[in-house]
Amino acid sequence: MFRDIPKSFYGRPATVVARELIGCRLLVDHPSVGAVGGVVVETEAYASGDPACHAWHLEKKRNKDPMAIGKGHELFGPPGLTYIYLNYGMYWLLNVVTDPEGTPGGVLIRAVEPSLGENIFWENRPKIKKREDLANGPGKLTVAMGIDDRHHQMDVTTGPIRFEKPTRHKSDLEISTSSRVGISQGVDLPWRFFAKGSIYVSRGIPAR
DNA sequence: ACGAGGATGCTCT
DNA sequence: GAGCATCCTCGTG
């Protein structure tokens with residue numbers, strides 16, 4: 001079973017939230033079946049002072065002009081809202097804003113194991129043959145679950161995208177870390193978190 | 001198993 | 001014009 005997560009959960013450092021979201025359930029409202037869901041098995045943290053974070057260059061700019069605005073400004077905003085952006089001109093990527101307002105931070109959801117409304121996952125990704133390939137990547141899970149820019153800046157405690165914590169604690173769930181995927185800056189930081197041994201984790205870096 | 005390359009659109013990293 | 005928090009297909013071993 002699952003229970004709601006309070007807003008205060010997200011007002012903490014991105015690395016902490018990223019780790020604790022592993023094992024939680026992601027729910028997305030769906031027009032025909034009510035909602036689809038998946039258990040989060042992989043996340044990445046992006047933080048203040050982190051050269052790979054979308055807010056990094058804005059942070060530097062804001063040292064001169066505190067009102068400067070640009071890509072990633074949402075990451076400075078109140079925690080617990082979604083931050084969704086298009087990458088490589090094709091895929092929407094889902095993040096949750098973390099850290100107190102004024103401090104940039106966010107968590108990228110990279111992979112889920114389908115757990116509710118799985119037929120929708122299959123419908124949205126008709127070429128896929130294996131269940132573990134339905135949502136084992138940040139672009140794949142948004143396609144599979146029907147997430148796009150309509151879900152941008154929504155409250156994850158009340159909105160169409162929500163997270164729930166398992167009531168049974170994750171004593172049986174081991175979490176591993178690694179460097180982050182697909183970035184060229186900050187590659188040394190071990191800020192990718194994933195469920196050890198899960199076949200639903202994305203490819204690229206060995207899942208141990 | 002693994003690597004190369006193309007698709008595609010927004011920001012200025 | 002370059003670079004990007006990606007994915008898929010097709011080639012080779």
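In what follows, every chain begins at residue 1, and chains take the letters A, B, ... in the order their sequences are listed.
You'll find that the side chain of A:Lys127 is closest to C:dT9, out of C:dT9, B:dT13, C:dT6.
Heavy atoms of A:Gly139 sit under 4.0 angstrom from primed sugar atoms or phosphate atoms, though from no base atom.
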Parsed dot-bracket for DNA chain C after applying the Watson-Crick and G-U rules with both distances under 3.5 Å and | for other-strand partners is ||||.|||||||.
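In this model, the phosphate group of C:dT6 is not approached by any side-chain N or O of A:Arg203 to a distance below 4.0 Å at OP1 or OP2. Note on A:His54: every side-chain N or O is 4.0 Å or more away from OP1 and OP2 of B:dT13.
For the pair A:Ile84 CD1 and B:dC10 P, the computed distance is 16 Å after rounding to whole Å. Distance, A:Glu42 CD to C:dT6 P: 10 Å, rounded to whole Å. Following rounding to the nearest Å, A:His152 (NE2) and B:dC10 (P) show an atom-to-atom distance of 14 Å. Taking atom CE of A:Met90 as the reference point, atom P of B:dT11 lies 16 Å away to the nearest angstrom. As a whole-Å value, the separation of A:Lys140 NZ from C:dC7 P is 6 Å. One can place NE2 of A:His57 at 11 Å from C1' of C:dC4, the figure rounded to the nearest angstrom. Going from atom OH of A:Tyr85 over to atom C1' of B:dT13 covers 11 Å, rounded to whole Å. The distance between atom CZ of A:Arg192 and atom P of C:dT6, rounded to the nearest whole Å, is 11 Å.
Under the side chain to side chain contact (heavy atoms under 4.5 Å, CB included) test applied with A:Leu26, the options A:Leu116, A:Leu21, A:Leu94 reduce to a single match, A:Leu94. Screening A:Glu74, A:His54, A:His152 for a side chain to side chain donor-acceptor pair (under 3.5 Å) with A:Tyr83, the sole residue that qualifies is A:His54.
For the residue pair A:Arg3/A:Thr167, the side-chain donor-acceptor check at 3.5 Å is not satisfied.
Stacking of A:Tyr88 onto the six-membered ring of B:dG9 is not present when judged by under 5.5 angstrom between centres and under 30° between planes.
The backbone N or O of A:Gly159 lies less than 3.5 Å from no partner atom in the side chain of A:Asp155, so there is not a single donor-acceptor pair. In this structure a side-chain-to-backbone donor-acceptor pair under 3.5 Å is present from A:Thr82 to A:Met154.
Under a cutoff of 6.0 Å and an axis angle of 45°, A:Arg180 and A:Tyr46 form a cation-pi pair. A:Phe2 carries A:Arg25 over the face of its six-membered ring, with the cationic atom under 6.0 Å from the centre and within 45° of the normal.
Across the interface with DNA chain C, nearest-nucleotide mapping of A:Arg125 and A:Gln185 shows A:Gln185 to be the residue nearer the 5′ end. In terms of position along DNA chain C, the nucleotide closest to A:Ser184 lies nearer the 5' end than the nucleotide closest to the other residue of the pair A:Ser184 and A:Pro138.
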